[in-house]
Amino acid sequence: MLEKSFSELELTRLKKLREMQDKNLQPYPTRAKQTHTSLEAIEAFEKSELENDDAPIKVTLAGRIRALRTMGKIAFAHIDDREGRIQLFFRVNDLGEEKMAELDKFFDLGDFIQASGHMFRTRRGEVTLYVHDFLMLSKALRALPAAKDEVVEGKVVRHATLTDPETRFRQRYVDLAVNPDVREIFKTRAATIRALQYFLDEHDFIEVETPILQPIYGGAAAQPFITHHNQLHQDLYLRVSFELYLKRLLVGGLERVYEIGRDFRNEGVSYKHNPEFTQLEFYWAFADYLQVMDFAEEMIAFAAKKVLGTTTILFDGHEIDLSPPWKRIDLRQGILDSTGIDIEAHQTADSLEAALFAKNLKPKPGSTRGKLIDLLIGDFLEPNCIQPTFIYNYPRDISPLAKSKPEDPSIVERFEGFVGGMELCNAFTELNDPLDQEQRFLEMGRAYEDGDEEQHPMDDDYLNALSYGMPPAGGFGIGVDRLVMLFSGRRSIREVILFPHLRSVTEEE
RNA sequence: GGGCGCGUAGCUCAAUGGUAGAGCAGUGGCCUUUUAAGCCAUUGGUUGGGAGUUCGAGCCUCCCCGCGCUCACCA
């Protein structure tokens, strides 16, 4: 029962609520009114000041009380609404003893209030609502964490703000209510997705939706979540990528498609991994990975400009310039430069493994040549790619859906983009040869038998689709959460996901 | 999953193994242009949970729960 969980402080608030009801005052009225936001009201007043217009600016504001200073016959409050904060001024001469007492008796920090009156400027110069009437919109029984703002030399300094990550993420509603910069992150996130959609739409891509529940998962090296359809008696997987469905659409003649949505990977959680995360993938018929590379850096720079107004971002202490062209490093050359190992000279896993041991690296026993190369990328290339960098030309055996280079079948036309020392995107010239694709599936099947649980299962329907002919195409995937991390300067993915996954806590009675 | 660290009032934090405290929030007063309002008074704790060592545990030991960092895996 809710009431049993209340602290002494919360019971005090509950008592106020009951007293209001006794006086026929609604703690939760059905309707509210808001003619202006805080910002609109301030702007309207400042405009009238500039124009020397004496006509009163009459407004009705609504918001959450964040500060309340009662001083006998007058009172000041600050309320928050979606556009910011504004001060309210109450005076007994205008409101009457009874109404003034209402404010003092029933209103607490965190309550929603509706106040109407006219705008004016206080002696200290703050544009403020002179309240003629006010009303409770919603009584808050629990107190928000007490935070106070102090303005020191024009900068807002916040005192005793909510910082405990567990409370912030488990009770994100409290975090959002109390920390305005958190609200900003999610405005940035929404704007980022809009900008990406706008860019792709303008280039004749169409946005589609493909199944999240899939009988066969694929398209990425990852372990899936498994669920079950009761009536069909069928196990289903939550998708790990959109890739195989989107490419089926290329077969169907949708030449340019994209999807923005959730992927689910049953793997480790970290500052850059959440079990469910948002991905953007697009597929572009008659293009190859080099065209996709140009297009991708253009798209990301466009989004930055649109969302932030600049392509220069600050991330993890680094100033990063997202404007094209990005640095491009051939994978073989990059590894050679950073480790002295020439992967070209080590055509077998055994030979490359020996070279790694010689460098004091300890790869997992039985790793394939591709896995070893992946290890080198992760250890030596990725952390150093602070400024945007494309690494291209990957080994075939870790890229089962990418097309080989015509002149070297062991290398595929694939690139990954890195920013801030973090992998951001992955793309390739898509494999459209059904017979070659079948071979790749079979090889992966053997790797799966050998204990590599991240390999794809065979997807016969996908091979069937390719057999009808898929146009040559370039494909691209980007972690949207990570892009938002970059745009908002947050180092943890949990900061940019509204409700990041946390271990569930069992409530004791 | 491994390693390291953290968990004290609603929030932010103190407290040699020896009576659990402060600021803010709350409550009662005073206060007609304040703004981290101020002044006076005051409430609030199973120190994450459990066991142990000890005359005595917030502090030491063990187990459990949660969070953070990090390694592994991945994007």
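The chains referred to below are lettered A, B, ... by the order of the sequence lines, with proteins before strands, and numbering in each begins at 1.
Checking rA57(B) for Watson-Crick or G-U wobble geometry (two distances, each under 3.5 Å) identifies no partner in any strand. Under the Watson-Crick or G-U wobble criterion, with both distances below 3.5 Å, rA20(B) is left unpaired in every strand shown. Nucleotide rG28(B) forms a Watson-Crick or G-U wobble pair with rC40(B), both donor-acceptor distances falling under 3.5 Å. The base-pairing partner of rC6(B), taking Watson-Crick or G-U wobble contacts with both distances under 3.5 Å, is rG66(B).
Closest of all the heavy-atom pairs between Phe107(A) and Met136(A) is CZ-N, 3.5 Å.
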Next on the checklist: Does the protein touch nucleotides 32-43 of chain B at the base, only the backbone, or not at all? Give it as B, S and - per nucleotide, heavy atoms under 4.0 Å.
Outcome noted: BBBBBB-----S

Checklist outcome for this item: Readout for nucleotides 66-71 of chain B: B = base within 4.0 Å of protein heavy atom, S = sugar-phosphate only, - = neither; 5' to 3' it is SSSSS-

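The distance from atom CD1 of Ile497(A) to atom P of rA75(B) is 16 Å, rounded to the nearest whole Å. The interatomic distance linking Leu144(A) (CG) with rC24(B) (P) rounds to 19 Å, in whole Å. Atom CG in Leu162(A) sits roughly 17 Å away from atom P in rA25(B) (whole-Å rounding). For Leu9(A) and rC24(B), the CG to P distance is 15 Å, given to the nearest whole Å. If you measure from atom NZ of Lys272(A) to atom P of rC73(B), you get 12 Å, rounded to the nearest angstrom. Spacing between atom CZ of Phe106(A) and atom P of rG26(B) amounts to 16 Å, rounded to whole angstrom units. Between the CD atom of Glu382(A) and the C1' atom of rC73(B) there is a distance of 13 Å, given to the nearest Å. When rounded to the nearest whole Å, the span between CG of Leu11(A) and C1' of rG10(B) equals 13 Å.
Judged by distance alone, the side chain of Lys99(A) and the main-chain N or O of Val92(A) form no donor-acceptor pair under 3.5 Å. Using a distance-only test at 3.5 Å, with no hydrogens or angles considered, no donor-acceptor pair links the side chain of Ser270(A) to the main chain of Gly268(A). Remark: side-chain polar atoms of Thr389(A) are not paired, donor with acceptor, to backbone N or O of Cys385(A) under 3.5 angstrom. Within the 3.5 Å criterion, the main-chain N or O of Glu184(A) finds no donor-acceptor partner in the side chain of Asp181(A). Here the side chain of Arg440(A) pairs a donor or acceptor atom with the backbone of Ala402(A) at under 3.5 angstrom. Remark: the backbone N or O of Phe120(A) is not paired with any side-chain donor or acceptor of Thr128(A) at under 3.5 angstrom.
The C1' atoms of rG45(B) and rG10(B) are separated by 12 Å, rounded to the nearest whole Å. Using P as the reference atom, rG7(B) and rC13(B) are 11 Å apart when rounded to the nearest Å. Taking atom C1' in both rU42(B) and rC24(B), the straight-line distance is 16 Å, to the nearest Å. Taking atom C1' on both rU8(B) and rC4(B), the two are 22 Å apart, rounded to the nearest angstrom. Look at the C1' atom in both rC55(B) and rC65(B): the space between them is 32 Å, to the nearest Å. The C1' atoms of rC67(B) and rG26(B) are separated by 28 Å, rounded to the nearest whole Å. Rounded to the nearest Å, the gap between the C1' atom of rG18(B) and that of rG58(B) is 13 Å. Taking the P atoms as reference points, rA20(B) lies 15 Å from rG56(B), given to the whole Å.
Residue whose closest nucleotide on RNA chain B sits further toward the 5' end, between Asp379(A) and Asp263(A): Asp379(A). Where Glu416(A) and Asp104(A) each meet RNA chain B at their nearest nucleotide, the meeting point lying more 5' is that of Asp104(A).
A salt bridge links Glu243(A) to Lys247(A): one of the charged nitrogens lies within less than 4.0 Å of a carboxylate oxygen. The pair Asp81(A)-Arg64(A) fails the salt-bridge criterion, with no side-chain N (NZ, NE, NH1 or NH2) lying under 4.0 Å from an Asp/Glu carboxylate O.
Within 4.0 Å (heavy atoms only), Arg482(A) reaches at least one base atom of the nucleic acid. Contact annotation for Lys16(A): backbone-only contact, meaning every heavy-atom pair under 4.0 Å involves sugar-phosphate atoms and none involves a base. Across all strands, Gly479(A) comes closer than 4.0 Å to no nucleic acid atom at all (heavy-atom distances). As judged by a 4.0 angstrom heavy-atom cut-off over every strand, Thr161(A) is placed among residues touching the sugar-phosphate backbone only. In this structure, Asn274(A) reaches the bases: a heavy-atom distance under 4.0 Å links it to at least one base atom across the strands shown.
Within the 4.5 Å cutoff, the side chain of Thr278(A) has heavy atoms near those of the Ile260(A) side chain.
By the 6.0 Å and 45° rule, Arg414(A) stacks over the aromatic ring of Tyr394(A).
In this model, the phosphate group of rU27(B) is not approached by any side-chain N or O of Lys105(A) to a distance below 4.0 Å at OP1 or OP2. Taking side-chain N and O atoms only, Thr12(A) has no distance below 4.0 Å to OP1 or OP2 of rG26(B).
More than 12 heavy atoms of other residues, nucleotides or ligands sit less than 6.0 Å from atom CZ of Phe390(A).
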